[in-house]
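Some notes on the structure that comes next.
As a basis for the values below, the full set of heavy atoms in this structure was taken, side chains included, without hydrogen atoms, waters or symmetry mates.
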Amino acid sequence: MRLIKRNPFGHILFLKKWLIRFFGSFTHRRYRGFNELQIEGSEIIRKLPDTNVLFISNHQTYFADVVAMFHVFNASLSGRIDSIKNIGYLWQPKMNIYYVAAKETMRSGLLPKILSYAGAIPVERTWRSEGVDVTEKKAVNPNDTENIKKALNDGWVITFPQGTTRSFKPVRKGTAHIIKQHRPIVVPIVIDGFRRSFDRKGIRMKKKGILQSFIIKEPLAIDYEMDTIDEIVEKIEYAIEQHPSFLKVIPAEELEEQEQLNKLRQWEIE
C-alpha cells in the first residue's frame, strides 16, 4: 500500500492540491474583483461523469484561460451557480483535471514549470515552433497521444483545438482524432475578455474593470462511428464560435483591434 498517493503521471496529489489552493487563492481576484467573470451554463458541469470528459475552448492567453476553468469547474462542483464567489471551493478541488499545453510553453520559465505540475499534459506542436509556424510539420509524438488517453481515463481534459491564442485560426485535426478514438463527452466553452484583461501569457494583468465571459455549452452530439474527421472539426469550429462564418457578425472595430494585437504579438516573438 502506497503511503503517498500519486496520479497516473506520478504527481503527488497532496502537493498538487496545495498548488491549486495557493495559485487559486492568488488568482481569484483577477476574475472576481479586479475584473468580473460572467459565467453561463455551470449546471452542465455538475451533470458530467468523473472521467472521459473533453473540454474544448477558444484560446486567448497561455495561462489565464485554463486557470479560470479550474476556478469555474471547482466552484460549480461545490454547488455555486454561475459564480466563483467565496473561494472555499478550493479547499477540496477536483484533482483529476488536466489541460493540454505546448511543451515549449511549459518549459519557458520557473512559473510555467510549477503550473505544469497542477495538471499540464505537455505536447509537441507539429505545426509551430518557438512561436513561428513551420512549413514542414513534425510527426506526432505517440507519447503525447498516449498521455491524453491516460488523462481521459483518469478524469477531465481541457484542450484548445486551434493550438494558438489567435482568433479564427483553423481547428487542428488532432483533436478530432482524439474524439473519434477515445469517444469522450465533448463540452464546448466560449470565452471572451481575457485578451483585454491580461498579457499574452495570461500572467500579468494589463487592464482592470473588464467583463470576462465564460459560456459552457451542452455536450456536442457526435456520432463516433459515422462522423468523419472533417465533420467533427466543423462541429468544433461552430461550437467554440471560431468557424469563419462568425467573422461576418463581428464588428469591424473589434476585428481591427484583434489585428493590432496580433501585430504586437508578432513583434514580441521576433
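- Between the side chain of Lys206 and the backbone N or O of Arg195 there is at least one donor-acceptor pair closer than 3.5 Å.
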query = Where do His177 and Thr145 land on the side chain to side chain donor-acceptor pair (under 3.5 Å) test, with the steps shown first?
reply = CA-CA 10 Å; His177 282 286; Thr145 53; over 6 Å; no
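- Taking hydrophobic clusters as Ile, Leu, Val, Met, Phe, Trp and Tyr residues chained together by side-chain heavy-atom distances below 4.5 Å, Phe198 shares a cluster with Phe160.
- Put simply, CG on Leu13 and NE2 on His11 are 10.0 Å apart, with the number rounded to the nearest 0.5 Å.
- For the pair Tyr62 and Thr165, the minimum side-chain heavy-atom distance is below 4.5 Å.
- Judged as a salt bridge (Lys or Arg N to Asp or Glu O under 4.0 Å), and not counting sequence neighbours, Lys16 has no contacts.
- Nearest heavy-atom pair across Pro93 and Ile20 is CB-CG2, 3.9 Å.
- In terms of modelled atom types and a separation under 3.5 Å, the side chain of Arg32 and the main chain of Ile87 share no donor-acceptor contact.
- The shortest heavy-atom contact between Arg30 and Arg204 is NH1-N, 4.3 Å.
- Taking the six-membered ring where the residue is Trp, Tyr31 and Phe194 present tilted rings, their angle falling between 30° and 60°.
- Using a 4.5 Å heavy-atom cutoff, the side chains of Ile84 and His28 are in contact.
- Between the Asn35 side chain and the Leu211 main chain, no donor and acceptor come within less than 3.5 Å of each other.
- Side-chain atoms of His59 never come within 3.5 Å of backbone atoms of Asp65 as a donor-acceptor pair (strictly under, hydrogens ignored).
- Here the side chain of Gln242 pairs a donor or acceptor atom with the backbone of Phe168 at under 3.5 angstrom.
- At least one side-chain heavy atom of Asp144 sits under 4.5 Å from a side-chain heavy atom of Lys103.
- Hydrophobic clustering (ILVMFWY, side-chain heavy atoms < 4.5 Å, transitive): Val233 and Val123 are in one cluster.
- We find the OG-CG distance between Ser197 and Asp192 to be 9.0 Å, quoted to the nearest 0.5 Å.
- A side-chain contact (heavy atoms from CB on, under 4.5 Å) with Leu54 is found for exactly one of Ile185, Val157, Ile158, namely Val157.
- Here the side chains of Lys149 and Glu146 are in contact, with some heavy-atom distance below 4.5 Å.
- Closest heavy-atom contact between Val190 and Ala239: CG2-O, 3.5 Å.
- Side-chain contact check for Thr51 versus Asn153: every heavy-atom pair is 4.5 Å or farther apart.
- Checked against the 6.0 Å centroid threshold, Phe73 and Phe55 count as a close aromatic pair.
- A 4.5 Å side-chain heavy-atom check between Val186 and Pro219 finds every atom pair outside the cut-off.
- The shortest non-hydrogen separation linking Gly10 to Arg6 is O-NH1, 2.8 Å.
- Looking at heavy atoms from C-beta onward, His71 lies in side-chain contact with Thr27 at the 4.5 angstrom threshold.
- Applying the 6.0 Å contact sphere to NZ of Lys201 captures no more than 12 heavy atoms from other residues, nucleotides or ligands.
- Of the possible polar contacts, none joining the Arg172 side chain to the Pro161 backbone as a donor-acceptor pair under 3.5 Å is found.
- Between Glu218 and Ile44, the closest heavy-atom pair is N-CD1, 3.6 Å.
- Hydrophobic clustering of Ile, Leu, Val, Met, Phe, Trp and Tyr side chains at less than 4.5 Å, counting indirect connections, keeps Tyr238 apart from Ile215.
- Ring centroid separation for the pair Tyr98 and Phe9 comes in under the 6.0 Å cut-off.
- A salt bridge between Lys180 and Asp227 is absent, with no side-chain N of the basic residue lying under 4.0 Å from a carboxylate O of the acidic one.
- When atom types are taken as modelled, the side chain of Trp156 and the backbone of Pro49 share a donor-acceptor pair closer than 3.5 angstrom.
- Proximity of Met69 to Phe214: side-chain heavy atoms (C-beta onward) are separated by under 4.5 Å at one or more points.
- Other residues, nucleotides and ligands place more than 12 heavy atoms under 6.0 Å from the CD1 atom of Ile229.
- Of the possible donor and acceptor atoms, one in the side chain of Asn74 sits under 3.5 Å from a partner among the backbone N and O of Lys94.
- Asp82 and Gly41 make their closest contact through OD1-N, 3.3 Å (heavy atoms, listed as atom of the first residue, atom of the second, distance).
- Within a 6.0 Å sphere centred on NZ of Lys17, other residues, nucleotides and ligands contribute more than 12 heavy atoms.
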task = Go through the steps to decide whether Glu231 and Asp223 satisfy the test side-chain contact (heavy atoms from CB on, under 4.5 Å), and finish with yes or no.
result = CA-CA 10 Å; Glu231 286 171 339; Asp223 187 327; over 6 Å; no
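- The backbone N or O of Ser245 lies less than 3.5 Å from a partner atom in the side chain of His243, making a donor-acceptor pair.
- Clustering ILVMFWY residues whenever any of their side-chain heavy atoms sit less than 4.5 angstrom apart, transitively, puts Trp18 in the very cluster that holds Ile4.
- In the hydrophobic clustering of this structure, Ile56 does not group with Leu48; members are Ile, Leu, Val, Met, Phe, Trp, Tyr whose side-chain heavy atoms approach within less than 4.5 Å, directly or through other members.
- More than 12 heavy atoms of other residues, nucleotides or ligands lie within 6.0 Å of OH in Tyr224, so this atom counts as buried by the packing criterion.
- A donor-acceptor pair under 3.5 Å is absent between the side-chain atoms of Arg196 and the main chain of Lys207, judged by distance alone.
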